[in-house]
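Notes follow the structure.
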2 protein chains.
Amino acid sequence: MAVYVLGHKNPDTDSITAAIAFAELQKKLGVDAVPARQGDLNPESELVLKKFEVEVPELVTDVTDKQYMLVDHSDIKQAPDNWDKGELLAIVDHHKVGDITTPNPIFFCAMPVGCTGTVLYKLYVDLYKKEIDPKVAGLMLSAILSDTVLFKSATCTPDDKAVAEELAKIAGVDDMMAWGMEMAKAKSAVEGVAPKDLIFRDYKDFNMGGKTVGIGQLELVSLDLVANMKDDLYEAMKEVKEEGNRHSVFLMLTDIMQEGTELMVVTDDPSIVEKAFGKPLEGRSVWLPGVMSRKKQMVPPLEKAFGA
Amino acid sequence: MAVYVLGHKNPDTDSITAAIAFAELQKKLGVDAVPARQGDLNPESELVLKKFEVEVPELVTDVTDKQYMLVDHSDIKQAPDNWDKGELLAIVDHHKVGDITTPNPIFFCAMPVGCTGTVLYKLYVDLYKKEIDPKVAGLMLSAILSDTVLFKSATCTPDDKAVAEELAKIAGVDDMMAWGMEMAKAKSAVEGVAPKDLIFRDYKDFNMGGKTVGIGQLELVSLDLVANMKDDLYEAMKEVKEEGNRHSVFLMLTDIMQEGTELMVVTDDPSIVEKAFGKPLEGRSVWLPGVMSRKKQMVPPLEKAFGA
């Protein structure tokens with residue numbers, strides 16, 4: 001029976017590539033593993049798979065009666081539909097410990113590093129002592145560059161950088177920063193994309209103090225790219241909030257070069273912004289200098305503010 | 001600030017020794033780690049610490065405002081008091097994924113093996129490439145012998161056996177099976193112990209379908225040891241059920257030599273036994289041949305029967 005390996009909903013480059021890389025590792029360990037994805041590729045992930053000539057994983061959104069493994073999340077909200085009606089066999093992650101539980105012991109490895117790719121490298125090299133295929137190394141390297149925003153994110157650790165350098169050698173990528181900028185530009189592509197699709201490009205719902213809170217993020221080489229789209233984005237955020245009975249929807253417009261985030265907010269309680277970030281909302285957004293990581297700089301202060 | 005390393009409530013030998021071994025590893029990694037315990041040592045753990053001349057860890061039952069790491073569990077019910085009012089930094093485990101969540105990414109490593117000691121060996125040797133002190137190796141070996149019931153338990157994997165052999169070399173234990181039998185005899189010591197203390201010697205509460213279900217286990221070299229104590233044990237089980245508003249209290253009298261368990265039961269719903277194990281309760285107990293592991297052979301069928 002095939003074992004599906006899945007990243008989170010609205011997959012980013014780490015979720016797509018980690019599914020492929022962990023499935024490859026499992027195959028080397030004798031498991032009939034198949035990489036899968038829960039949604040469409042973003043433009044950056046498309047570029048990455050194309051560059052390293054790797055096939056797009058198959059779409060799997062429901063794991064009823066399936067055996068499966070999760071990468072890049074351990075939260076029910078981000079897991080496939082009917083996660084508890086299939087058999088979960090393993091989790092590899094780099095986020096906070098989520099609310100997924102299991103009836104039996106499983107393999108669970110999470111580390112407080114910037115990318116699932118970094119954890120996978122340690123599993124390949126240190127724990128299981130298996131070689132990494134050059135193409136797979138290229139995918140893992142790309143995930144690290146993406147997740148750590150070219151090593152600039154607050155989530156980036158010395159391990160991420162050291163692992164990226166090793167992976168670049170295996171993959172034969174001579175100038176990883178140039179490749180990272182090429183990816184960043186693909187990630188910044190907003191022209192002609194519907195506002196709602198931009199919100200959901202890299203989007204996660206969280207349960208904070210019993211309330212549903214959505215956080216999307218657009219990483220941009222410049223905020224100018226979205227300067228004349230903000231009205232449309234704001235309207236789309238209102239729709240997203242309404243449709244999902246959400247308490248709040250946040251959209252992080254993260255400027256990779258300026259290293260900060262313009263946070264757009266639609267919420268039932270505007271005071272939550274000052275509670276979380278010590279700065280009040282000005283109109284529909286607030287500028288948060290230095291904030292680049294949803295996981296490390298958005299979710300923890302918001303969870304605290306929501307009393308989650 | 002000291003970082004406390006703690007096993008579960010009502011600690012067994014694995015919880016005690018894993019706290020010590022993981023604290024030692026953390027010290028080698030530069031962390032000011034202090035091993036701790038949530039309760040009294042059982043006679044087996046006492047014997048183990050004495051043999052390898054290791055100090056008894058300090059008692060810590062509340063982690064308010066403390067930094068801490070958990071070993072051998074990831075369930076709230078087994079965690080220290082106010083687990084969510086301190087900062088949890090790491091989990092090393094070999095049980096099912098429990099309901100503990102964190103606000104930030106942490107190190108979490110669980111493997112489906114027979115003992116936390118086996119996971120710790122892989123962290124020492126493979127992941128962090130640190131030497132294991134001979135005394136610490138002796139503790140980890142003892143935990144594996146204890147948790148796998150001398151490699152007889154259904155939870156025992158080839159990894160546990162291979163790691164035990166490596167640890168025996170490091171610890172200088174020539175005949176690990178003889179040492180395992182010595183431990184088993186210490187574990188079997190029931191003479192002069194109050195019935196309630198025997199129930200709680202190796203006891204865990206579970207939340208099954210919203211109900212509190214307690215499962216204690218006594219591992220015995222022979223059931224004869226408790227033959228004339230069963231009336232007293234049964235009365236004590238009724239008290240335990242009453243005091244904790246529990247739905248059921250199970251006591252596993254596990255015969256290491258016969259390789260099976262006489263399961264004593266006090267419950268609001270006697271039919272749960274047949275639902276879980278396919279055999280009806282006969283009076284106050286049922287004999288379950290081959291059943292030696294609470295984690296692998298008791299908890300999963302009971303959770304299924306309770307619809308948890």
Side-chain angles (χ1 to χ4, degrees), chain A residues 70 72-76 84 87-116 118-119 121-129 147 154-155 157 159 206-208 293 295-297 299-308, chain B residues 70 72-76 84 87-116 118-119 121-129 147 154-155 157 159 206-208 293 295-297 299-308:
Chain A
L70 297 180
D72 202 24
H73 69 294
S74 64
D75 269 313
I76 292 169
D84 53 349
E87 191 186 358
L88 175 58
L89 298 178
I91 299 175
V92 179
D93 194 17
H94 70 120
H95 295 86
K96 67 202 181 76
V97 179
D99 49 4
I100 283 177
T101 59
T102 63
N104 292 301
I106 67 166
F107 180 85
F108 189 147
C109 186
M111 297 180 191
V113 294
C115 179
T116 309
T118 304
V119 182
Y121 177 89
K122 287 171 185 288
L123 299 186
Y124 262 99
V125 174
D126 297 319
L127 194 62
Y128 295 116
K129 294 163 182 66
D147 259 22
T155 59
T157 67
D159 271 350
F206 297 86
N207 180 339
M208 296 193 182
S293 162
K295 188 174 60 177
K296 203 145 179 172
Q297 297 168 296
V299 174
L302 277 174
E303 285 196 324
K304 212 170 164 190
F306 274 99
Chain B
L70 298 179
D72 202 25
H73 69 295
S74 64
D75 269 313
I76 292 169
D84 53 350
E87 190 185 0
L88 175 58
L89 299 178
I91 299 175
V92 179
D93 193 18
H94 70 119
H95 295 86
K96 66 201 181 77
V97 179
D99 50 3
I100 283 177
T101 59
T102 63
N104 292 303
I106 67 166
F107 180 85
F108 189 147
C109 187
M111 297 181 191
V113 294
C115 179
T116 309
T118 304
V119 182
Y121 177 88
K122 288 172 184 290
L123 298 186
Y124 261 99
V125 173
D126 296 321
L127 193 62
Y128 294 116
K129 295 163 181 65
D147 260 22
T155 60
T157 67
D159 271 350
F206 298 86
N207 179 340
M208 296 194 183
S293 162
K295 188 173 60 176
K296 203 145 177 171
Q297 297 168 296
V299 173
L302 277 173
E303 285 197 325
K304 212 170 163 187
F306 274 100

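Keep in mind it's a predicted model, so treat the numbers as computed, not measured. Proteins get letters first, then strands, A, B, ... in listed order; numbering begins at 1 in each.
Here the CG atom belonging to B/L127 is positioned 4.5 Å from the CE atom belonging to A/M111, to the nearest 0.5 angstrom. The structure places OG1 of A/T101 at 12.5 Å from CD1 of B/I100, a figure rounded to the nearest 0.5 Å. Here the straight-line distance linking atom NZ of B/K296 with atom CG of A/N104 works out to 7.5 Å at 0.5 Å rounding. If you take OH on B/Y128 and NZ on A/K122, they are separated by 8.0 Å, rounding to the nearest 0.5 Å. Atom NZ of residue A/K96 and atom CG of residue B/L88 lie 13.0 Å apart, to the nearest 0.5 angstrom.
Between chain A and the options B/C109, B/P105, B/P300, heavy-atom pairs under 4.5 Å are most frequent for B/P105.
Across all non-hydrogen atoms, the minimal contact from A/T102 to B/V97 is OG1-N, 2.9 Å.
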